[in-house]
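Shown next, in structure tokens, is the structure this report addresses.
So that the names make sense, note that chain A is the first sequence line, chain B the second, and so on, each numbered from 1.
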2 protein chains.
Amino acid sequence: MKERLSAEERRRQIVEAAVELFSRKGFRGTRTREIAEAAGISEAMIFKHFATKRELYSAIIEAKSATDELLASAAIAARQHDDAGVLRAVGLKMIEQTEADPSLMRLLLFSALEGHELSDIFFESRVKTLHQFLSSYIRKRIKDKRFRAIDALVAARGFIGMVVHYLLIHELFGIKRPLHSSSEEVVELFAAIFLKGIER
Amino acid sequence: MKERLSAEERRRQIVEAAVELFSRKGFRGTRTREIAEAAGISEAMIFKHFATKRELYSAIIEAKSATDELLASAAIAARQHDDAGVLRAVGLKMIEQTEADPSLMRLLLFSALEGHELSDIFFESRVKTLHQFLSSYIRKRIKDKRFRAIDALVAARGFIGMVVHYLLIHELFGIKRPLHSSSEEVVELFAAIFLKGIER
DNA sequence: CAATAGCAAGTGAGCGCTTACATACTTACT
DNA sequence: AGTAAGTATGTAAGCGCTCACTTGCTATTG
């Protein structure tokens, strides 16, 4: 029983199976046989569509690097000079996106640790963009005299760090957030700390 | 020319070579042959001292889990209710330690991503301890009415996150800190933001 | 000599990738 | 329309290599 599919559809199918495996077990930890099995096809098919295992991996990373409208809602808040709104939007989108597709974070970490050549591109599209958006907003608000005159880039990384670390221990080590606090509340707290500090 | 060494010394020598390789290339990415070569011995010697490759890896993780006096200086500041001092001490120790031995962070991430059974122990000794120390300090200062009544654990993770993320992009993606700011200044800024926020 | 420390040379399993071949669809000619 | 030739899509089997781990042996030490 052989179902014939279009080349494009097959590729999609292979990529889909591969993403799941690469993100769970890394490049080296994933066997091409497993990918074939998960996609429900023979191993040779993978190599009909991708010259090497590495090429398949690269295709995935490049696809995942596609920068979507992650910052749309944050940009709206930015236009209205709604500081808390900007932070809230950035933080929530990060969490939302990671929870919808946890493979992204794992792929990013794996690619960096394993030293894949495309990990830089991945990093730039997925992390650097965030840093730059937030730091340029902070810089603007410093000029407006609404924020203290601090290093905007370092500060931006600080806020992103709060959220990333929260996601990291959540996704990587399975640490659950306290039952009483939703991710909205967590982001709200991070934003409040970032803007007003924890001193009373 | 065969130098005979004591079993213990050999083990140390093997472990030393293995740490470097495992942290750079992960468990699956490291060949036992490479470890032997790096240690200047034959591959068979490794298996005289460690039954399996995995056992060697576990030995390393357990050794690296040894909690040292990371929090000594922070505890001193804590006794004096020196809030900025506590944060500074925690942050600086984290950076200092990571820069002195970058393998630790990489091993921690690799073990978590690759799903090693000991990664939890590793996490608890290296991360959870920090979270608990800082969150209990924050709780105390909330009782003192010096901090606002926030979720202490989430807040603590927030501060740790700022520092961790800074180290992460530094060590993993090779992002250099801006030339004008030393790690002391970065930590100082994180502490200031955490306590007072960035609003003026 | 007994025990330990060492190595060269395997061994079998598993890996990425290839080959030889079968089956479905497309095209073109009558 | 019918069919032969050509092409794209698929598979089963396996090749060559690398890996973790073993074996069989020698050298050194107490």
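- The OH-C1' distance, from B:Tyr57 to D:dA20, rounds to 17 Å in whole Å.
- By the ring-ring contact (aromatic ring centres under 6.0 Å, His included) test, A:His116 pairs with A:Tyr57, sequence neighbours left out.
- Across the protein-nucleic acid pair, A:Glu9 atom CD and C:dC25 atom C1' stand 15 Å apart, rounded to whole Å.
- Residues passing the side-chain hydrogen bond (donor to acceptor under 3.5 Å, both in side chains) test with A:Glu62, sequence neighbours excluded: none.
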Pairs of donor and acceptor atoms involving the side chains of residues 119-126 of chain A, under 3.5 Å and at least two apart or interchain, shall be tabulated with distances.
| from | atom 1 | to | atom 2 | distance (Å) |
| --- | --- | --- | --- | --- |
| A:Ser125 | OG | A:Ser65 | O | 3.1 |
| A:Ser125 | OG | A:Phe122 | O | 3.2 |
| A:Arg126 | NE | A:Lys64 | O | 3.0 |
| A:Arg126 | NH1 | A:Gln97 | OE1 | 2.9 |
| A:Arg126 | NH2 | A:Lys64 | O | 3.0 |
| A:Arg126 | NH2 | A:Ala66 | O | 2.8 |

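- Evaluation of the side-chain contact (heavy atoms from CB on, under 4.5 Å) rule for A:Arg24 yields A:Glu20, A:Leu21 as partners, not counting sequence neighbours.
- Atom CD1 of B:Ile35 and atom C1' of D:dT18 are 15 Å apart (whole Å).
- Across the protein-nucleic acid pair, A:Met45 atom CE and D:dA8 atom P stand 13 Å apart, rounded to whole Å.
- Within the 4.0 angstrom heavy-atom criterion, only backbone atoms of the sugar-phosphate kind lie near A:Ile41; the bases stay farther away.
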With 3.5 Å as the limit, what N/O pairs link the protein to nucleotides 16-20 of chain C?
| from | atom 1 | to | atom 2 | distance (Å) |
| --- | --- | --- | --- | --- |
| C:dG16 | OP1 | A:Thr30 | O | 3.2 |
| C:dG16 | OP1 | A:Lys53 | NZ | 2.9 |
| C:dG16 | OP2 | A:Thr32 | N | 2.9 |
| C:dG16 | OP2 | A:Thr32 | OG1 | 2.9 |
| C:dC17 | OP2 | A:Lys53 | N | 2.7 |
| C:dC17 | N4 | A:Glu43 | OE1 | 2.8 |
| C:dC17 | N4 | A:Glu43 | OE2 | 3.1 |

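- Not counting sequence neighbours, the partners of A:Leu189 by the side-chain contact (heavy atoms from CB on, under 4.5 Å) test are A:Ile193, B:Ile150, B:Asp151, B:Val154.
- A straight line from CZ of B:Arg10 to C1' of D:dT28 spans 13 Å, rounded to a whole angstrom.
- Here D:dT9 presents its P atom at 15 Å from CZ of A:Arg12, a figure rounded to the nearest Å.
- Counting only N and O atoms by type, the side chains of A:Ser58 and A:Arg54 include no donor and acceptor under 3.5 Å apart.
- The CD atom of B:Glu37 sits 14 Å away from the P atom of D:dT18 (whole-angstrom rounding).
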